[in-house]
Amino acid sequence: MSDQRKSIHGTWSSRWTFILAATGSAVGLGNIWKFPYMAGDNGGGAFVLIYLACIFVIGIPIMLGEIMIGRRGRSSPANTMSFLAKEAESSQAWTLLGATGALAGLLILSFYSVAAGWAMAYVFGGFQETSAQAVSSEFDKFLADPAALLFWHTLFIILTVTIVARGILKGLEAWINTLMPMLFIIIILLCIYAMQTGAFLEGLAYLFKPDFTKINSDVLLAALGQAFFTLSLGMGAIMAYGAYMPADQNIGRTAITVAALDTGVALLAGIAIFPIVFANGLAPTEGPGLVFVTLPIAFANMPLGVLFGTLFFILLSIAALSSSISLIEPGVAWLVESLKTKRAYAAIGLGIFSWILGVFSALSFNLMSEFKLFGMNFFDFTDFLTNQIMLPLGGIFIAVFVGWVMKKKDVLDELQIEDGIIFKSWFFVIRFVAPVMVAMVLLYFFI
Ligand code: TRP
């Protein structure tokens with residue numbers, strides 16, 4: 001039975017807490033920063049449609065699997081995999097899935113922290129410039145300044161490490177509870193602003209009218225990778241959080257709630273941003289700077305814009321923090337359990353690892369901009385390697401583990417569900433649809 005194993009890190013105090021924590025992990029830069037610029041880089045509507053399909057057909061079923069694995073194992077992803085592999089009388093090599101997942105988390109954190117640093121810097125953005133040119137040249141100037149980028153990157157890692165060192169169960173609950181809804185409200189305000197730009201319909205059409213001629217293997221993989229990234233799937237973050245989930249909580253309903261909130265925030269961010277892009281003659285293909293050159297224009301033009309702008313970037317930074325802690329938690333929990341490392345030392349050690357890699361990401365916008373790996377700068381390369389390769393591969397292995405390695409009766413027992421139509425459909429997706437589709441997208445991209 002699932003509740004025989006207790007996590008040494010504690011359990012969330014209520015059902016609501018798991019939803020908040022998982023939503024805190026899922027909602028972050030991926031929704032507000034990455035989703036819009038990925039949509040813009042990949043042609044808009046067709047990308048969005050495939051992304052949504054990936055969320056529903058692949059993301060939600062795998063999220064269920066990840067939560068289920070985590071709760072059954074009740075420890076860090078690596079030890080959970082080891083325990084469940086034993087339970088299923090399978091190979092201990094599955095431990096590696098937990099370990100590479102923890103590594104993927106640290107790699108993601110390295111560039112995530114650089115972008116989160118931009119959000120923190122924008123808290124002091126001023127929001128006076130109303131022209132697209134001025135805003136965009138400010139951002140370029142900022143990117144060209146290695147000291148500024150390194151300062152904010154360092155600060156963000158320190159904040160992440162501090163929270164994780166204290167234990168993610170403390171403190172986290174309260175602020176996700178109140179701050180996340182506030183972020184949501186400001187995004188709605190931005191959408192209202194977007195309605196008045198005169199390019200609202202153009203923005204909506206760009207986002208929701210698919211142009212199927214734009215679909216190619218790059219777009220498919222980008223949409224798939226974004227689905228994994230935005231739901232925090234494929235590396236054990238949700239698994240690690242699942243370990244702290246109360247035994248009587250319904251996993252299916254929880255996964256759907258988290259995915260719905262996450263997708264809602266991403267779509268609203270897109271609805272707010274693209275009208276501003278078109279109204280100001282900016283290009284959707286602006287890349288990673290897209291939100292940072294569009295939203296300041298909106299804040300400069302709206303009443304109380306300085307207040308809302310400042311608040312928005314504070315909340316975005318906090319949303320990024322509630323995500324970043326889940327990137328480092330799988331590794332930290334593992335060190336604490338297996339090497340009996342003090343939580344603080346584990347967090348600091350892994351934080352330093354991500355910080356060093358992140359330095360290269362920060363410098364890839366200025367001093368090291370000529371340094372290319374497979375044609376990408378260091379920032380883009382780390383992003384590509386993790387989101388479009390490691391996470392989808394992790395997803396395949398998670399699906400295979402749940403569908404083919406675990407005993408079906410254990411899966412049923414942990415989900416506390418009947419072997420009926422709902423379970424059967426999900427199990428079919430986890431065994432066949434999800435792994436085959438992800439594998440096909442990866443193969444199609446590489447061949
Ligand atoms: N989902 C987060 C975002 O959208 C980022 C994130 C947190 C993440 N934990 C993760 C991505 C684990 C992949 C895996 O900002």
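Whatever order the structure lists ligands and atoms in, that order sets their numbers, starting from 1. Owing to the predicted nature of the structure, the values given are computational and were not obtained by experimental measurement.
- A ring pair (Phe, Tyr, Trp, His ring centres under 6.0 Å) with Y122 holds for exactly one of F313, F299, F312; it is F313.
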Quick one: ligand 1 N/O to protein N/O pairs below 3.5 Å?
from	atom 1	to	atom 2	distance (Å)
ligand 1	1 (N)	S25	O	3.2
ligand 1	1 (N)	A26	O	3.1
ligand 1	1 (N)	F229	O	2.8
ligand 1	1 (N)	T230	O	3.3
ligand 1	1 (N)	S232	OG	3.0
ligand 1	4 (O)	A26	O	2.9
ligand 1	4 (O)	G30	N	3.3
ligand 1	4 (O)	N31	OD1	3.4
ligand 1	9 (N)	S232	OG	3.3
ligand 1	9 (N)	S326	OG	2.9
ligand 1	15 (O)	L29	N	3.1
ligand 1	15 (O)	G30	N	2.8
ligand 1	15 (O)	Y112	OH	2.5

>> Would W33 and Y37 count as a ring-ring contact (aromatic ring centres under 6.0 Å, His included) here? Give the steps.
In response: CA-CA 7 Å; W33 161 70; Y37 96 72; 5.4 Å; yes
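- Across all non-hydrogen atoms, the minimal contact from P392 to L224 is CB-CD2, 4.2 Å.
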>> With ring-ring contact (aromatic ring centres under 6.0 Å, His included) as the criterion, how do F384 and F374 come out once you've worked through the C-alpha distance, each side chain's angles and the decisive distance to 0.1 Å?
In response: CA-CA 10 Å; F384 175 79; F374 301 96; 8.4 Å; no
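- Evaluation of the side-chain contact (heavy atoms from CB on, under 4.5 Å) rule for L189 yields F308 as partners, not counting sequence neighbours.
- Of all heavy-atom pairs spanning I271 and L207, the tightest one is N-CD2, 3.6 Å.
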